[in-house]
Amino acid sequence: MRIIDIEAAQAELDGLIDLACSGEDVVIARGGTPVARLVPIRQPRREPGVLKGLVIPDTFFDPLPDDELEGWEQ
């Protein structure tokens, strides 16, 4: 785990992002106290054709009931 002060993190942000993306745990501290963790965003793996053959019922396209519509209207 790498703990780095916030001022140094500002100057080294690009490198810290690379470290986090490579799997290293990066913690940002303020005055020696850990306050944040830098982690990569993992994109979900999409599988082509996972919904192939799914039958959508005709009622899916029916208008919503009035009480349901009220919650969506502003």
Side-chain angles (χ1 to χ4, degrees):
M1 177 185 342
R2 177 177 293 206
I3 299 176
I4 187 162
D5 196 65
I6 195 165
E7 288 82 16
Q10 289 173 335
E12 302 174 34
L13 185 57
D14 193 45
L16 293 174
I17 290 172
D18 289 341
L19 286 173
C21 287
S22 69
E24 187 166 340
D25 196 13
V26 178
V27 175
I28 300 173
R30 181 182 291 137
T33 302
V35 294
R37 175 173 284 129
L38 187 61
V39 296
I41 296 174
R42 303 282 183 217
Q43 297 297 327
R45 187 173 169 100
R46 294 172 51 171
E47 297 292 329
V50 72
L51 298 178
K52 187 175 182 177
L54 178 70
V55 177
I56 299 173
D58 293 334
T59 57
F60 179 81
F61 299 101
D62 290 350
L64 293 173
D66 290 338
D67 61 327
E68 179 73 22
L69 281 176
E70 289 174 5
W72 291 94
E73 294 175 347
Q74 295 183 18

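Since this is a predicted model, take the numbers as computed values, not measurements.
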Fill in the blank from the handout: Taken in chain and number order and not counting sequence neighbours, the residues that satisfy side-chain contact (heavy atoms from CB on, under 4.5 Å) with I56 are F60, F61

Problem - Residue pairs fulfilling side chain to side chain donor-acceptor pair (under 3.5 Å) with at least one residue in residues 29-42, sequence neighbours excluded - result: D25-R37

Exercise for the section: Could you note down all residue pairs passing salt bridge (Lys or Arg N to Asp or Glu O under 4.0 Å) where residues 3-15 supplies at least one of them, sequence neighbours left out? Expected result: none

Exercise for the section: Hey, could you give me each pair passing salt bridge (Lys or Arg N to Asp or Glu O under 4.0 Å) that has a residue in residues 46-67? Not counting sequence neighbours. Expected result: R45-E47

Practice task
May I ask you to list the residues sharing a hydrophobic cluster with V50, side-chain cutoff 4.5 Å, ordered by chain and number?
Solution key: L51, L54

Problem - Members besides L38 in its Ile/Leu/Val/Met/Phe/Trp/Tyr cluster (side-chain heavy atoms under 4.5 Å) - result: I4, I6, L13, L16, I17, L19, V26, I28

